[in-house]
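Working notes, structure below.
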There are 2 protein chains.
Amino acid sequence: MTKNEKSSPKITIFEVAAEAGVSFATVSRVINHDIHVKSETRDRVLSAMQRLGYVANRQARSLAGGKSNTIGLLVPDLGTGYIGEIIRGIDTELSWSEMDLILYTTHRTAAKEANYVANLARGMVDGLLLVLPRNPVDYIETLTRRNFPFVLIDHQGTVENCPAVGATNWQGAYTATEYLIQLGHKRIGFITGSMDLGCAEDRLKGYRSALRTNHIPEAAELIYEGNFFQPDGYAGACALLDLKNPPTAIFASNDVMAMGVMDAVRNRGLRIPDDISIVGFDNIPQSAMVYPPLTTVQQPLEQMGRVAAQMLINILKNGEKDSSRIELPTELIIRSSTSSPRDRVG
Amino acid sequence: MTKNEKSSPKITIFEVAAEAGVSFATVSRVINHDIHVKSETRDRVLSAMQRLGYVANRQARSLAGGKSNTIGLLVPDLGTGYIGEIIRGIDTELSWSEMDLILYTTHRTAAKEANYVANLARGMVDGLLLVLPRNPVDYIETLTRRNFPFVLIDHQGTVENCPAVGATNWQGAYTATEYLIQLGHKRIGFITGSMDLGCAEDRLKGYRSALRTNHIPEAAELIYEGNFFQPDGYAGACALLDLKNPPTAIFASNDVMAMGVMDAVRNRGLRIPDDISIVGFDNIPQSAMVYPPLTTVQQPLEQMGRVAAQMLINILKNGEKDSSRIELPTELIIRSSTSSPRDRVG
DNA sequence: CTTTGTTATGTAAGCGTTTACATGAACATG
DNA sequence: CATGTTCATGTAAACGCTTACATAACAAAG
């Protein structure tokens, strides 16, 4: 008649309460760090929880409490290391606050994208972190209208002020361009990113400003419009090198395109950096591993993730509509894909 | 007295039921694709849902229904593109089945790892996909004991038969080694992965078998024990090149280490592939982008993700304990980091 | 026209929490 | 010693859904 030896029938707060000799409400209070529990009682409950191997049911907590302790991350894709870095940052930050991360990829939901964000906002997650490649005005509108907490990562421009963390794209491009100028380059090709993105626009502006400041005439033919993908870099480099008066340096708006540029340059038998200097943007892991290692503008990706997560958690906790944009500094990483231009005799 | 114009007070099945003129249970039946609903009624409910913009509360469904429609993915990290590929596969598969993906990183939970998996198993997710770098016997034991559905990705060996999907590591290493032999290499260095991993062991075995089959004596000094990280490749290459009689080719157990090897080789002023041929394993995206493009053994990462997700969904749906291991074929990708050895006159 | 069998729909009891409110104990105050 | 405060704990009502069970509706069969 040992009705005792049940192996593992769900342990709920009721079991814990019985074990500790208190009411289940007290157990709940302990779980939620409520002040009003005598510390002696708390210890008793805690040890009962331990003994029984209690672990709270999140679904139930969410239902009753109205929050899921989960935040959603919406990303376009995971192809490049780019997102990985950001996730690492988010993740470390989240680990401090008992939150879980749920991952959504937009490519996956392209079809039903319409009510997608709306769905998210309903119950599943408390807040959203958005890494969006295209202009997300519709998302953002929905989110704002519903007053749903979110933070934009690495996106800016077109949308008016809402919580976002980005990098100093303008500054980064300016610095890199100026560095090339100081090396002695006069004709510097530029391959843009997707121009519907604020960051791409800012990089282009930074490039232009540096030229202007240093009294170098801007040539329209030296600017090639790309889309942030490797083939764009390849095509852009080809186009630029085909010019009557080709550039001695090419600045690509991201590393992936810069690698495309490298390919194109090598395919033409030109040497890097002797014949052509190349600069990228992002400092993704492999940019240090290609040959020659790529000079690039580092984006503080991991930090962006961390800061974004912090912001969101803050909004969640304090309910404060912290609608500010934070810009993290970029940094020029000088490697071996850049040098002074060879003297080229007309 | 227009008590009507509330903007968006939560829409539950009750509202929908009222709107459609049925009981809430019928609405629930429609949601769950229950057979026993007159199609006319179903349509009425469906359109009511649409009109009201109803979206089910997942927490509540989980609580009541006992399953979360969410699966967890446990990964060590997201540094390399490696995991990204796998996730892409999982993701596409999941998108067919209305399941969500929740992401856990082990580094994040290293501290409380003990009951970690146990916690997961409780309510939050219906099943687990595990990509584990180290030997996860303890995890697996817990999971098995609790009879919790899971599938192992790219891991094998030490653990007895449980659902897993991997690649033909042995075969891949064998083929690559034989390819080098056929090119004329006689002294082939090998850099292992973490030897506590089945895949690393299998790759080593494949290498050895190819040597044996082709009557090439195995030399202990040609095998360097690495850990799958880039610096190991660098160190391994240095050690191998310092030998009295150095190898003419180096086969690294993954691409990341192969890039380390490339660095080391270049730093010594040797040329790839003229002086040293290099082969990697994995075929991560950047292996095509380094210079020279790396010859490597492709792992069908994306497919592994897909298959693993399928298996898990199957287990979840049919409750069948499909404890088999699936091996997906690897393929040798020949690029430019390999060639016949230069004739070296002693 | 009653009986039996189907099928469609409604009713009510959970699922495991949180939390507003009620209760009770302990203790100081007048 | 009655009374008011404060703090610790208990009680009960949600949270939004699923699902076993009950019931109504309607044919077909006797």
Side-chain angles (χ1 to χ4, degrees), chain A residues 8-46 48-49 52-70 98 100 119 121-126 316, chain B residues 8-46 48-49 52-70 98 100 119-126:
Chain A
S8 66
K10 313 205 178 242
I11 305 292
T12 72
I13 44 174
F14 290 91
E15 276 69 59
V16 176
E19 174 83 11
V22 298
S23 89
F24 66 90
T26 300
V27 177
S28 175
R29 289 198 188 88
V30 171
I31 295 172
N32 293 289
H33 308 107
D34 190 311
I35 309 288
H36 302 292
V37 179
K38 208 196 296 178
S39 65
E40 177 204 302
T41 313
R42 177 187 315 281
D43 292 346
R44 205 140 38 88
V45 172
L46 251 20
M49 281 171 43
L52 266 38
Y54 169 79
V55 24
N57 179 320
R58 302 196 71 154
Q59 324 290 347
R61 295 191 71 181
S62 306
L63 221 210
K67 69 259 228 70
S68 62
N69 284 319
T70 300
E98 305 190 314
D100 275 323
N119 288 18
R122 193 70 194 299
M124 201 61 200
V125 300
D126 294 338
L316 255 29
Chain B
S8 66
K10 311 207 179 238
I11 305 291
T12 72
I13 44 174
F14 290 90
E15 276 69 56
V16 177
E19 174 84 9
V22 298
S23 87
F24 66 89
T26 301
V27 177
S28 175
R29 288 197 189 90
V30 171
I31 295 173
N32 294 288
H33 308 107
D34 189 312
I35 309 288
H36 303 291
V37 180
K38 210 197 295 180
S39 65
E40 178 204 300
T41 313
R42 179 188 312 279
D43 292 346
R44 205 140 38 88
V45 171
L46 249 21
M49 280 169 46
L52 266 39
Y54 170 79
V55 22
N57 179 319
R58 304 196 67 156
Q59 323 291 346
R61 295 190 72 181
S62 305
L63 222 210
K67 70 260 228 69
S68 62
N69 284 320
T70 301
E98 305 192 311
D100 276 324
N119 287 18
L120 287 186
R122 194 70 194 299
M124 200 63 200
V125 299
D126 294 339

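Each chain gets a letter, A, B and so on, in the order its sequence line appears, and its residues count up from 1.
Summarising the geometry, the separation between CZ on R58(A) and P on dT18(C) is reported as 12 Å, rounded to the nearest angstrom. Taking atom NE2 of H33(B) as the reference point, atom P of dT18(D) lies 11 Å away to the nearest angstrom. Between F14(B) atom CZ and dT18(D) atom P there is a gap of 11 Å when expressed in whole angstrom units. In this structure, K67(A) atom NZ and dG16(D) atom C1' are separated by 18 Å, rounded to whole Å. Nucleotide dG10(D) holds its P atom 13 Å from the CG atom of D34(A), rounded to whole Å. Rounded to an integer number of Å, the gap from CD1 of I31(A) to C1' of dT17(C) is 8 Å. If you take CD1 of I11(B) and C1' of dC15(D), they are 16 Å apart, rounded to a whole angstrom. As rounded to whole Å, 15 Å separates atom C1' of dA8(D) from atom CG of D43(A).
A side-chain donor from one of T12(A) and E15(A) sits under 3.5 Å from a side-chain acceptor of the other.
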Reading nucleotides 8-15 of chain C 5' to 3', which nucleotides get B (base under 4.0 Å from a protein heavy atom), which S (sugar-phosphate only), which -? SBBBB-BB
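Taking CZ of R29(B) as the start and OG1 of T41(B) as the end, the distance is 10.5 Å to the nearest 0.5 Å. Taking OG from S39(B) and CG from L46(B), the interatomic distance works out to 11.0 Å, rounded to the nearest 0.5 Å. Distance check, rounded to the nearest 0.5 Å: CE of M124(A) to OG1 of T70(B) gives 4.0 Å.
Contact annotation: S28(A) side-chain N/O to dT17(C) OP1/OP2 distance is not under 4.0 Å.
Proximity of V45(B) to E19(B): side-chain heavy atoms (C-beta onward) are nowhere separated by under 4.5 Å. Counting only heavy atoms from C-beta outward, the side chains of D100(A) and N69(A) never approach each other to under 4.5 Å. With contacts defined as side-chain heavy-atom distances shorter than 4.5 Å, the pair R61(B)/N32(B) qualifies. S68(B) has its side chain out of reach of R58(B): every pair of non-hydrogen atoms, C-beta onward, lies at least 4.5 Å apart. Looking at heavy atoms from C-beta onward, Y54(A) lies in side-chain contact with I31(A) at the 4.5 angstrom threshold.
Between its opening and closing five pairs, the helix from dC1(C)-dG30(D) to dG30(C)-dC1(D) changes axis direction by 60°, a value rounded to 10 degrees.
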